[in-house]
Amino acid sequence: MGGITVDAVEDYIYSMLPPRNEVLAEMENEAAKNKVPIVGPAVGRLLYQLAVISKAKYVFEMGSAIGYSTIWWAQAVGNEGRVFYTDGDPKNAERARKYFQRAGVSDRIIVKTGDALELLSEEKQQFDIIFNDIDKHDYPRALRLALPKLRKGGLLVADNVLWSGKIAHRNPDKMTKAILEFNRMLYDSKELYTTILPIRDGVAVAVKT
């Protein structure tokens, strides 16, 4: 899954995971075969857990690809919850819709295509959770746009914040610099209390205080 922990620990973590349902398992196989970026089952379970703990009902997902993480969120928010799926590729959205229907959660998901940041900025409501998994160079901008849309006590969650360990390189590239800036913004914000979890490729969890 491209984790940053040592291989033996990574293997142990994934060996402990219970089997996923048929749809999620198929999506994992598709992602591995076609190099589609997904968060994977270890992070998927974390997302589910965060939503349940926080009693989230409204989740906005920035960058959803084929909808793998969207299904985890949708399963967690329950029948009355809503998850906003966003992706710039209509083909991804169409594939995701089929998975949502098969997983039995399509009625909980609002599918939007286009630029995730623009779509978020158009929303009038606040969200319980905003999940950031867009192109990494846009991470700092995503934080600035997401914060006003997040309710007090809500969670801002971001994937890939350790970026295969590149955040520790002496001469980071442009993409890595954007992630470094994003991480620093999270920890420097007076409105957020942040922890970076070194699971898979690094997941930041920040609560709006």
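Just so you know, these numbers use all the heavy atoms, side chains as well, and skip hydrogens, waters and symmetry mates. Numbers here are sequence positions counted from 1. The structure displayed is predicted, hence computed values, not measured ones.
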Can a donor-acceptor pair be found, under 3.5 Å and without considering hydrogens, that links the side chain of [X] to the backbone of [Y]?
X      : Y      : value
Asn183 : Val161 : yes
Asp135 : His137 : no
Asp87  : Asp89  : yes
Ser189 : Glu191 : yes

Would you mind listing every salt bridge (charged side-chain N to carboxylate O under 4.0 Å, His left out) that reaches into residues 171-190, with sequence neighbours excluded?
Arg184-Asp188

Have Gln126 and Tyr58 got a donor and an acceptor in their side chains that come within less than 3.5 Å?
no

Do Thr5 and Glu10 have side-chain atoms, one donor and one acceptor, less than 3.5 Å apart?
yes

At their closest point, which heavy atom of [X] faces which heavy atom of [Y], and how far apart are they?
X      : Y      : result
Ile130 : Ala146 : CD1-O, 3.5 Å
Ala204 : Leu186 : CB-CD1, 3.7 Å
Ala65  : Ala96  : O-CB, 4.3 Å
Ser164 : Ile4   : CA-CG2, 3.8 Å
Pro90  : Thr113 : CA-CG2, 4.3 Å
Leu162 : Pro198 : CD1-CA, 3.9 Å

List for me each residue that meets ring-ring contact (aromatic ring centres under 6.0 Å, His included) alongside [X], sequence neighbours excluded, and say none if there are none.
X      : answer
Phe127 : Phe60, Phe84
Phe182 : Tyr139
Phe100 : Tyr85

Side-chain contact, heavy-atom cut-off 4.5 Å: [X] with [Y]?
X      : Y      : value
Pro41  : Arg45  : no
Trp72  : Leu24  : yes
Leu180 : Pro172 : yes
Arg102 : Glu26  : yes
Arg97  : Val111 : yes

Between atom [atom1] of [X] and atom [atom2] of [Y], what is the distance when rounded to the nearest 0.5 Å?
X      : Y      : atom1 : atom2 : value
Asn171 : Thr176 : CG    : OG1   : 11.0 Å
Asp138 : Asp115 : CG    : CG    : 7.0 Å
Glu61  : Leu120 : CD    : CG    : 12.5 Å
Ile71  : Leu47  : CD1   : CG    : 12.5 Å
Ile110 : Thr70  : CD1   : OG1   : 12.0 Å

Working for side chain to side chain contact (heavy atoms under 4.5 Å, CB included), residues Leu192 and Leu143:
CA-CA 11 Å; Leu192 297 171; Leu143 176 54; 3.9 Å; yes

Counting only heavy atoms not in Gln125, do more than 12 fall under 6.0 Å of its CD?
yes

A quick test of your reading: do over 12 heavy atoms of other residues, nucleotides or ligands sit less than 6.0 Å from OH of Tyr193?
no

Between [X] and [Y], is there a shared hydrophobic cluster once you connect ILVMFWY residues whose side-chain heavy atoms come closer than 4.5 Å?
X      : Y      : answer
Tyr14  : Tyr12  : no
Val6   : Ile13  : yes
Ile38  : Leu197 : yes
Val203 : Val52  : yes

Sequence neighbours excluded, the answer for side-chain contact (heavy atoms from CB on, under 4.5 Å) partners of Ala116 is Met62, Thr86, Ile134

Go through the steps to decide whether Ile129 and Ser54 satisfy the test side chain to side chain contact (heavy atoms under 4.5 Å, CB included), and finish with yes or no.
CA-CA 9 Å; Ile129 296 176; Ser54 63; 3.8 Å; yes

Should Glu94 and Lys91 be marked as a side chain to side chain contact (heavy atoms under 4.5 Å, CB included) after you check the CA-CA gap, both sets of side-chain angles, and the distance that decides it?
CA-CA 5 Å; Glu94 185 59 33; Lys91 292 182 180 179; 5.7 Å; no

Decide side chain to side chain contact (heavy atoms under 4.5 Å, CB included) for Phe131 and Leu50; before the verdict, give the C-alpha distance in whole Å, the side-chain angles of both, and the deciding distance to 0.1 Å.
CA-CA 11 Å; Phe131 180 50; Leu50 290 172; over 6 Å; no

Ignoring hydrogens and angles, write down the donor-acceptor pairs under 3.5 Å from the side chains of residues 147-160, residues two or more places apart or on other chains.
{"unit_1": "Lys149", "atom_1": "NZ", "unit_2": "Glu123", "atom_2": "O", "d": "2.4"}
{"unit_1": "Arg151", "atom_1": "NE", "unit_2": "Asp128", "atom_2": "OD1", "d": "2.5"}
{"unit_1": "Asp159", "atom_1": "OD2", "unit_2": "Arg200", "atom_2": "NH1", "d": "3.2"}
{"unit_1": "Asn160", "atom_1": "OD1", "unit_2": "Lys136", "atom_2": "NZ", "d": "2.9"}
{"unit_1": "Asn160", "atom_1": "ND2", "unit_2": "Asp201", "atom_2": "OD2", "d": "2.8"}

